[in-house]
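Since we're looking at a predicted model, the values are computed, not measured. In this chain, numbering begins with 1 at the start of the sequence shown.
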Amino acid sequence: MKRRKRGTWAAAAAVVGALLVSAGCSAASADRAGGHADAEATVLTLANPGGSVEPPQLVAWAKRVDQLSKGTIRIKFRDEWREGEAQPEVGTLDDIRKGKADMAWVGARSFDRVGITDFQALLAPMLVDSYELETKVFQAGIPAKMLGGVRKAGVVGIGVVPGPLTRLVGTREPLVNPDALKGEKIVSQDSALMDESLRALGATPVTAPASTDLKSYGGAQMGLGAVVGRHHDRDAKYVTGNVDLWPRPLVVVMGKAAHDRLSPQRRAVLTKALEQTVTQAVDVSRAEDRESAPTLCRLEMKFPSASSADLKAMESALKPVLARPRKDKRTADWLEQIQYLKETTGVGPDTASCPAKSTTASPLEGTWTRTMADGDWRHWPGDETWTERPPNGTWTLAFENGILTKTDPNGETERWPYQTFRDRIHLAGLFTFNATFRLDGDQLTFGTFDFGDCTDCGGYAVTFGGSKQPWVKTAAAR
């Protein structure tokens with residue numbers, strides 16, 4: 001069975017659907033979302049250097065573009081753009097300048113790699129440390145004022161949307177103070193300011209792809225959703241729960257030639273749609289953290305907190321990092337404005353921790369198997385287009401402590417955090433998987449599958465259902 005790659009935004013994909021539906025949107029990419037089939041549409045390709053899952057903040061924007069333009073502008077995501085590269089976003093900027101795609105999203109952090117420092121006040125270490133403050137900063141219009149600088153990269157800035165907060169992830173020990181970070185190699189991506197900040201904390205930054213195995217490093221700086229989406233629970237043990245290093249705002253840029261081809265009215269639609277997506281983007285980012293933290297806890301990761309002394313030591317070590325940006329008058333003004341918003345908002349850092357463990361076991365807890373042969377497989381009704389037959393042999397579903405592990409006869413495994421309610425199961429992973437289930441003694445069957453707007457997930461209805469043969473619970477080892 002073909003397996004889809006997980007991406008940085010995989011955790012958010014599980015929660016964004018409900019948020020988008022509540023706002024009258026769909027979680028599908030705009031080129032699949034439709035809604036105005038009779039309108040002649042201009043399709044704009046958007047390079048996605050974030051893996052195989054589109055950032056949900058931009059899925060919401062793409063849907064809003066479709067709505068505001070009445071179907072005359074569609075955004076088509078081109079996923080896995082420069083996947084596996086250490087600096088995919090810097091390369092993506094060059095691709096857009098050369099016209100290899102109409103548009104792209106690039107992390108605001110990456111622009112200082114090409115000499116553009118306009119976003120550094122937004123990314124100052126441990127300054128914007130809560131989603132409430134990030135919202136205030138965007139509502140004040142500060143990121144929009146920074147956008148003009150991207151023209152120096154040979155592209156046109158369309159807008160900026162809020163993104164997830166970034167945390168310290170430790171492989172061998174908690175990274176709660178400069179002493180713990182001293183001498184450790186920390187995986188980072190695409191930012192001179194962030195590398196400088198990590199050095200100030202005593203660490204050695206290493207530029208590497210987001211999917212890099214962390215076992216050879218002391219840790220990484222990344223959002224909770226990326227830890228889940230990139231399976232870093234397998235090679236890391238700790239997330240510092242009360243240290244928010246910086247946000248990860250997303251900047252949408254467009255090639256000059258593609259921009260020139262659009263009428264002023266259509267350019268205005270792209271910008272207006274981004275402006276109208278800010279609140280939704282924050283909600284999605286906050287929901288991503290809220291979903292990811294308990295998932296990582298179930299995967300046995302720990303969320304230690306830095307003490308007051310630890311936090312003061314970090315803040316003291318980071319003070320010299322801001323000395324250079326403050327020499328630029330505009331950056332100094334923006335830093336002052338953000339600091340004022342922080343003080344008047346009166347909200348401390350957003351924290352992540354493990355919830356109290358539930359004492360109620362899932363009715364599915366345990367291991368279930370079924371052995372399949374050629375004659376046992378059938379298509380799920382409504383999914384006649386799926387033609388790839390799964391491998392024959394024994395399949396296993398292991399439900400343990402809120403995690404489902406599916407193993408096929410070839411030994412390939414996939415894992416999802418899951419929840420059950422009455423006769424329904426919800427899986428939160430690369431895509432949203434909802435289904436009904438039925439227990440009859442030691443036999444389990446699934447039905448009524450719903451994969452949201454995932455257009456190539458029908459194979460899972462076959463491997464979980466797809467047969468009259470039930471799953472049979474195995475006896476627990478004594």
Self-check item: Any Leu364 side-chain heavy atom under 4.5 Å of Leu444 side chain
Solution: yes
Quiz item: Are Lys182 and Asp179 close enough for a salt bridge, meaning some N to O gap below 4.0 Å?
Solution: no
Self-check item: Carboxylate-amine/guanidinium proximity below 4.0 Å for Glu288 and Arg248
Solution: no
Practice problem: Could you check if a side-chain atom of Thr240 sits within less than 4.5 angstrom of a side-chain atom of Pro174, using non-hydrogen atoms only? | Solution: no
Exercise. May I ask you to say whether Asp350 pairs ionically with Arg286, meaning some side-chain N is under 4.0 Å from a carboxylate O?
Key: no
Quiz item: Does a salt bridge link Glu196 with Arg109, judged by any charged N lying under 4.0 Å from a carboxylate O?
Solution: no
Quiz item: Parallel, tilted or perpendicular for Phe111 and Phe119, by the 30°/60° rule?
Solution: tilted
Self-check item: Side chain to side chain, Leu168 and Leu181, heavy atoms closer than 4.5 Å
Solution: yes
Quiz item: Hey, is Asp233 close enough to Arg415 for a salt bridge, meaning N to O under 4.0 Å?
Solution: yes
Quiz item: With a 4.5 Å limit on heavy-atom distance, are the side chains of Thr448 and Asp450 in contact?
Solution: no
Quiz item: Which residue pairs pass the side-chain hydrogen bond (donor to acceptor under 3.5 Å, both in side chains) test with at least one member in residues 299-308, sequence neighbours excluded?
Solution: Ser307-Asp310
Quiz item: What distance separates Leu133 CG from Leu127 CG, expressed to the nearest 0.5 Å?
Solution: 6.5 Å
Self-check item: Side chain to side chain, Ile186 and Leu175, heavy atoms closer than 4.5 Å
Solution: yes
Exercise. Examine the side chains of Gln57 and Ser285 and answer whether a donor and an acceptor come within less than 3.5 Å of each other.
Key: yes
Exercise. Any chance you could measure Leu165, atom CG, to Leu224, atom CG, to the nearest 0.5 Å?
Key: 8.5 Å
Self-check item: Flag side-chain contact, heavy atom, 4.5 Å: Asp190 against Pro88
Solution: yes
Quiz item: Taking side chain as C-beta onward, heavy atoms only, is His232 less than 4.5 Å from Val187?
Solution: no
Quiz item: Donor-acceptor pair, Thr445 side chain versus Pro470 backbone, under 3.5 Å?
Solution: no
Practice problem: Output every pair passing salt bridge (charged side-chain N to carboxylate O under 4.0 Å, His left out) with a member in residues 238-247, not counting sequence neighbours, ordered by first then second residue. | Solution: Arg167-Asp244
Quiz item: Mind checking whether Tyr460 and Phe464 have parallel, tilted or perpendicular rings, split at 30° and 60°?
Solution: tilted
Practice problem: Enter the distance from Arg172:CZ to Tyr238:OH here, rounded to the nearest 0.5 Å. | Solution: 11.0 Å
Practice problem: Spell out, as yes or no, whether a donor-acceptor pair under 3.5 Å connects the side chain of Thr171 to the backbone of Lys215. | Solution: no
Practice problem: Report yes if some heavy atom in the side chain of Arg113 is under 4.5 Å from a heavy atom in the side chain of Asp195; otherwise report no. | Solution: yes
